[in-house]
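If you read the sequence from its start, that first residue is 1, and numbering goes on from there. Predicted model, so just to flag it, every value in this text is computed and none were measured. Only this structure's heavy atoms are used, side chains among them; waters, hydrogens and symmetry mates stay out.
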Amino acid sequence: MSLVRWFRRHLLTAAALFTMTILLLPNLIVLVYSFNKPNGRFNIEWTKFSLDAWTNPCGTPGICDSLGLSLNIGITASIVATILGTMVAFALGRHRFRGRAGTNLLVFMPMATPEVVMGASLLALFLNIGLSTGRTAILIAHIMFCVSFVVVAVKARVATLDPRLEEAAADLGAGPVSTFMRVTLPLAAPGIAAGALLAFSLSFDDYIITNFNASPDSVTFPMYVWGAAQRGTPVQINVIGTVMFLIALLVVVGGQLVGARRSRQRA
């Protein structure tokens, strides 16, 4: 009986650890093979330990140019999408107006639409209005589909805010702008930050919509990786992937530590 009781008690923990292992195993493989020195074009067989790729991450022509373009588009798209999405989320979460149900439907449509359909539709739209494919078209496309994810993240946070805190600030003499900046915005900040990070990751990782609207001189990092995989994957791809994963991990861990510290201070 004790064995059965122990198994039931630790089943959820074991399942969580197993799931995390499966999810992180590809990242571990990418990390290990970033120190490999392959003999051929493909970095799929361990040959020899080497730091060449880490000391020269831009050694493959075009890889850092594509990375810089993806970072530029991702940061810009996430900032614009976060601003627009936050305003839409507050409007939908705090106000009742004609067309609110239709607006909610329109917000969820980009999330439910297949990326192939969205990419082809955006390409047709840009060509009809005379906008050529390239960096600007990619940026507009990324903003359009990132806004929906920001709205969902921020709206969920806005729904949990206690309106009595804003009423208390108003009773103490704070105006609408002061109440929003000092009470509402700090309380909604976790949702806004989550939406911004989600928008950046989706923009940086997108391939299908980007491929429809890209030009020969606007190759993003996912497009570069796809093209390189056809003729040989350079080790620098593993290096950049490892660095991006570690940065994301540090951001998540940092957010958890800050949240735990604030919880202890409130307690």
(message) Clusters formed by hydrophobic residues whose side-chain heavy atoms approach within less than 4.5 Å: which one holds Phe145, and what are its other members?
(response) Phe108, Met111, Met118, Leu122, Leu125, Phe126, Ile129, Leu131, Ile140, Met144, Phe149, Val152, Leu198, Leu202, Ile209

(request) Working to the nearest 0.5 Å, report the span between CD1 of Ile240 and OG of Ser70. (result) 9.5 Å

(message) Does Glu45 have more than 12 heavy atoms from other residues, nucleotides or ligands lying within 6.0 Å of its CD?
(response) no

(request) Report yes if the side chains of Asp65 and Leu69 come closer than 4.5 Å at any heavy-atom pair, otherwise no. (result) no

(message) Which heavy atom of Thr179 sits nearest to which heavy atom of Ala174, and what is that distance?
(response) OG1-CB, 3.4 Å

(message) So does Ile73 get a backbone contact from the side chain of Thr76, meaning a donor-acceptor N/O pair under 3.5 Å?
(response) no

(message) For the CD1 atom of Ile247 and the OG1 atom of Thr242, what is their distance to the nearest 0.5 Å?
(response) 11.0 Å

(message) I'd like to know if the side chain of Asn36 and the backbone of Lys48 have a donor-acceptor N/O pair within less than 3.5 Å.
(response) yes

(request) Calculate, to the nearest 0.5 Å, the distance between atoms CD1 and CG belonging to Ile138 and Asp206 respectively. (result) 9.0 Å

(message) Can you pull out every salt bridge (charged side-chain N to carboxylate O under 4.0 Å, His left out) where at least one residue sits in residues 73-93? Sequence neighbours excluded, please.
(response) none

(message) I need the minimum non-hydrogen distance between Thr21 and Leu17, along with the two atoms involved.
(response) OG1-O, 2.7 Å

(request) Spell out, yes or no, whether Leu246 and Val252 are grouped together once hydrophobic residues are joined by side-chain heavy atoms under 4.5 Å, including indirect joins. (result) no

(message) With a 4.5 Å cut-off on side-chain heavy atoms, are Asp52 and Val235 touching?
(response) no

(request) Report yes if some heavy atom in the side chain of Thr210 is under 4.5 Å from a heavy atom in the side chain of Pro222; otherwise report no. (result) no

(message) A side-chain contact here means heavy atoms from C-beta on lying under 4.5 Å apart; do Thr220 and His142 qualify?
(response) no

(request) Determine whether Val30 and Phe221 fall in the same hydrophobic cluster, where Ile, Leu, Val, Met, Phe, Trp and Tyr are linked whenever their side-chain heavy atoms lie under 4.5 Å apart. (result) no

(message) I want to check something: taking the side chain as every heavy atom from C-beta on, are Leu139 and Val80 in contact at a cut-off of under 4.5 Å?
(response) no

(request) Report the relative orientation of the aromatic rings in Phe90 and Phe180; use parallel for angles under 30°, tilted for 30 to 60°, perpendicular for over 60°. (result) perpendicular

(message) Are Ile79 and Val147 connected into the same hydrophobic cluster when the rule is that any two of I, L, V, M, F, W, Y join if their side-chain heavy atoms are below 4.5 Å apart?
(response) yes

(message) So does Tyr207 get a backbone contact from the side chain of Asn211, meaning a donor-acceptor N/O pair under 3.5 Å?
(response) no

(request) For Ser215 and Gly134, work out which heavy atoms get closest and say how close. (result) OG-CA, 3.5 Å

(message) Between Arg100 and Ala91 (side chain of the first, backbone of the second, donor and acceptor by atom type, cut-off under 3.5 Å), is there such a pair?
(response) no

(message) A side-chain contact here means heavy atoms from C-beta on lying under 4.5 Å apart; do Phe212 and Thr133 qualify?
(response) no

(message) Applying side-chain contact (heavy atoms from CB on, under 4.5 Å) to Asn72 and Arg135, what does each step give before you reach the verdict?
(response) CA-CA 10 Å; Asn72 196 326; Arg135 177 176 173 175; 2.8 Å; yes

(request) Hey, could you give me the CG/OH distance between Leu28 and Tyr33, rounded to the nearest 0.5 Å? (result) 11.0 Å

(message) Using a 6.0 Å cut-off, check whether atom CH2 of Trp226 has over 12 heavy atoms from anything other than its own residue.
(response) no

(request) Spell out, yes or no, whether Leu161 and Val183 are grouped together once hydrophobic residues are joined by side-chain heavy atoms under 4.5 Å, including indirect joins. (result) yes

(message) Can you tell me how far apart CD (Gln236) and CD1 (Ile63) are? Round to the nearest 0.5 Å.
(response) 5.5 Å

(message) Using the side chain to side chain contact (heavy atoms under 4.5 Å, CB included) definition, which of the options Val150, Ile83, Leu185 pairs with Ile192?
(response) Leu185

(message) Is it the case that atom CZ in Arg182 sees more than 12 heavy atoms from other parts of the structure closer than 6.0 Å?
(response) no

(message) Let's go through Arg94 and Thr184 carefully: what are the C-alpha distance in whole Å and the side-chain angles of both, what is the deciding distance for side-chain contact (heavy atoms from CB on, under 4.5 Å) to 0.1 Å, and is it a yes or a no?
(response) CA-CA 12 Å; Arg94 291 293 183 86; Thr184 309; 4.2 Å; yes

(request) Count the heavy atoms of every other residue, nucleotide or ligand shown that sit under 6.0 Å from CZ of Phe49, and state whether that count exceeds 12. (result) yes

(message) As a quick check of understanding, evaluate side-chain contact (heavy atoms from CB on, under 4.5 Å) for Leu71 and Phe200, giving each step before the final call.
(response) CA-CA 9 Å; Leu71 290 174; Phe200 174 79; 3.9 Å; yes

(request) Taking the side chain as every heavy atom from C-beta outward, state whether Leu51 and Phe35 have any atom pair closer than 4.5 Å. (result) yes

(message) Minimum heavy-atom separation for Leu187 and Pro190, please, with both atom names.
(response) O-CD, 3.4 Å

(message) I need the Met244 CE to Asp205 CG distance, nearest 0.5 Å.
(response) 10.0 Å

(message) Donor-acceptor pair, distance only, cut-off 3.5 Å: does the side chain of Thr233 make one with the backbone of Phe42?
(response) no

(message) Contact between Leu92 and Phe97 at the side-chain level, heavy atoms closer than 4.5 Å - yes or no?
(response) yes

(request) Of all the heavy-atom pairs spanning Arg231 and Gly227, show the shortest one and how long it is. (result) NH1-O, 2.9 Å

(message) Testing the basics here: between Ser203 and Gly74, what is the closest heavy-atom pair and its distance to 0.1 Å?
(response) OG-CA, 3.4 Å

(message) Membership question, hydrophobic clusters at under 4.5 Å side-chain separation (ILVMFWY): are Ile29 and Val239 in the same one?
(response) yes

